[in-house]
Protein chains: 2
Amino acid sequence: MKKVNDTLDWPALIAAQPAAGLIPEPLREMAKRVDAEASETLFRVGDPVLHVYLVISGEARLTRLGRNGREVILQRSRGGFIAEASLDSRTYHCDAIAAEPTTLLLFPTAAFRVALGAEPSFCKAWQSQLAREVRKLRAQCERLSLPSAADRINHYIESEGTDGAVTINQSRKSWAAELGLSHEALYRALRRMQDEGVLEVDGNRLISKP
Amino acid sequence: MKKVNDTLDWPALIAAQPAAGLIPEPLREMAKRVDAEASETLFRVGDPVLHVYLVISGEARLTRLGRNGREVILQRSRGGFIAEASLDSRTYHCDAIAAEPTTLLLFPTAAFRVALGAEPSFCKAWQSQLAREVRKLRAQCERLSLPSAADRINHYIESEGTDGAVTINQSRKSWAAELGLSHEALYRALRRMQDEGVLEVDGNRLISKP
DNA sequence: CGTACTTTTGAATCGCATCAAATCTGGTGG
DNA sequence: CCACCAGATTTGATGCGATTCAAAAGTACG
């Protein structure tokens, strides 16, 4: 986890990552930039919550290992904050890894909390952030409650895509994990849906056909 | 949905529902008490978000009906706020019903937002509330990712219970829905686990045995 | 060019969903 | 108090779909 000491170009950053625009000035100056390699660990279960993480580029994931060794993906972030809900915890309740070469900004939690108390607009934005996460997770629960692979795929297209189409920005294998399926089941479901003519697959683009 | 115009006994209320203690004084005076019957609708998808709901007694549920008519339970609240994440939405994205005779307090959303901006401590408490909800939902997602009924039951006991035991405060049937299982599958899994000696069932109390 | 990983297909098995039906339960009204 | 009803609980039988184990083909990367 390489720490980089550049002067950050905030205007450009905000253009790329709107979530960064929430950060008030005094907090910005405390940001540390970090470049993580693929599959590098950012923190682990039980680690003290020292920083708030903002993903600039690449992808960070929250995961937890089940008893059976199955990896469950709890959150996937390609831009924006990760582990927002840990801000008022003392320690993490899951692991975080970089899924690919990833650049992040780290803000000291203490200063972050101070800024939340001092800046009402920041506080408000942070609440929206949490509320968005809640809605996203509810959609995820709804999806995982569906019994069949095809239903989960359709639900994904409807809730994550637009106009009946979605672009998968991850490997099929990890998408399968996100859908709570074995990767084989996902491949076969995609194949079956194509054969039935209800789905068009073009690389990473999925188009549902009525 | 009967509106009651009592003078509210806040100290007693807060004793019963700690979440009510978050509410600052000016907002308290705007609370409307409502008594809902079992299976009565509180709001529906698309309704404008006019109030914030606090469950005093009974049980309120957020649900959504899937294509196949299956009811998915998105949130279950026996005390505390419900649909917190809707505060910064214009309309609801799910239905809410009272699962049993339920008493609620309603706060006008506009005033609620004002209070959040005016009272830093209230704002902070609300954030913790949202963060708690996020963690709860992540646990739920993790559970629903488990392939077998027995695993989900064990996960439930571990994450919702204490010392390897938990008390189910709902019917088996609706618990099955929460676990993403058919109720038959749940009954059979419970039976099997008892036969295998890994679980003790005493009415609504489940004790996992190593 | 070799290695590690993903993608894809195959076959066997297991467990869940589903349909059916019997029993049990709490609550309602005669 | 009892008959009755709606809903929850429980058990049975069946079929399908997901998991699992296995293995081949494709792909990215050093």
Any protein N or O atoms within reach of nucleotides 9-12 of chain C? Criterion: under 3.5 Å, listing atom names and distances.
unit_1	atom_1	unit_2	atom_2	d
C/dT9	OP1	A/Arg191	NH2	3.1
C/dT9	OP2	A/Arg191	NH2	3.4
C/dG10	N7	A/Arg188	NH1	3.0
C/dG10	O6	A/Arg188	NH2	3.3
C/dA11	N6	A/Arg188	NH2	3.2

Just verifying a value: how many Å separate [X] [atom1] and [Y] [atom2], rounded to the nearest 0.5 Å?
| X | Y | atom1 | atom2 | value |
| --- | --- | --- | --- | --- |
| A/Glu158 | A/Asp151 | CD | CG | 9.5 Å |
| B/Asn169 | B/Ser174 | CG | OG | 9.0 Å |
| B/Arg61 | B/Gln75 | CZ | CD | 12.0 Å |

Item to complete: Ignoring backbone atoms, test whether B/Arg192 places a side-chain nitrogen or oxygen under 4.0 Å from the OP1 or OP2 oxygen of C/dC16.
Response: yes
Rounded to the Å, how far apart are [X] [atom1] and [N] [atom2]?
| X | N | atom1 | atom2 | result |
| --- | --- | --- | --- | --- |
| B/Leu181 | D/dT9 | CG | P | 14 Å |
| A/Glu100 | C/dT6 | CD | P | 13 Å |
| B/Leu190 | C/dC16 | CG | C1' | 15 Å |
| A/Arg152 | C/dA17 | CZ | P | 10 Å |
| A/Leu146 | C/dT18 | CG | P | 11 Å |
| B/Ile168 | D/dT9 | CD1 | P | 11 Å |
| A/Met193 | D/dA18 | CE | P | 11 Å |
| A/Arg172 | C/dT8 | CZ | C1' | 11 Å |

Worksheet item: Where is the tightest heavy-atom contact between A/Asp95 and A/Arg44, given as atom of each residue plus distance?
Response: OD1-CA, 3.2 Å
Item to complete: With A/Glu160 as reference, evaluate A/Arg143, A/Lys136, A/His155 under the side chain to side chain donor-acceptor pair (under 3.5 Å) test and give the passing residue.
Response: A/Arg143
Item to complete: Assign B/Ala149 to base, sugar-phosphate, or nothing according to its heavy-atom contacts below 4.0 angstrom with the strands shown.
Response: sugar-phosphate
Fill in: Ring geometry between A/Phe122 and A/Trp126 (parallel below 30°, tilted from 30 to 60°, perpendicular above 60°)
tilted
Item to complete: Indicate the ring-plane relationship of B/Phe43 and B/Tyr92, choosing parallel, tilted or perpendicular according to the 30° and 60° boundaries.
Response: parallel
Worksheet item: Among C/dT6, C/dA17, C/dC16, which is the nearest nucleotide to the side chain of B/Ser182?
Response: C/dA17
Any salt bridge linking [X] with [Y]? Criterion: basic side-chain nitrogen under 4.0 Å from a carboxylate oxygen.
| X | Y | answer |
| --- | --- | --- |
| A/Glu133 | B/Arg138 | yes |
| B/Arg135 | A/Asp88 | yes |
| B/Arg78 | B/Glu100 | yes |

Item to complete: Using five base pairs at each end, measure the axis-to-axis angle across the helix from C/dC1-D/dG30 to C/dG30-D/dC1 and round it to 10 degrees.
Response: 50°
Fill in: Other residues, nucleotides, ligands: >12 heavy atoms within 6.0 Å of A/Asp163 CG
no
Worksheet item: Which residues in residues 194-207 of chain A have at least one heavy atom lying under 4.0 Å from any atom of DNA chain D?
Response: none
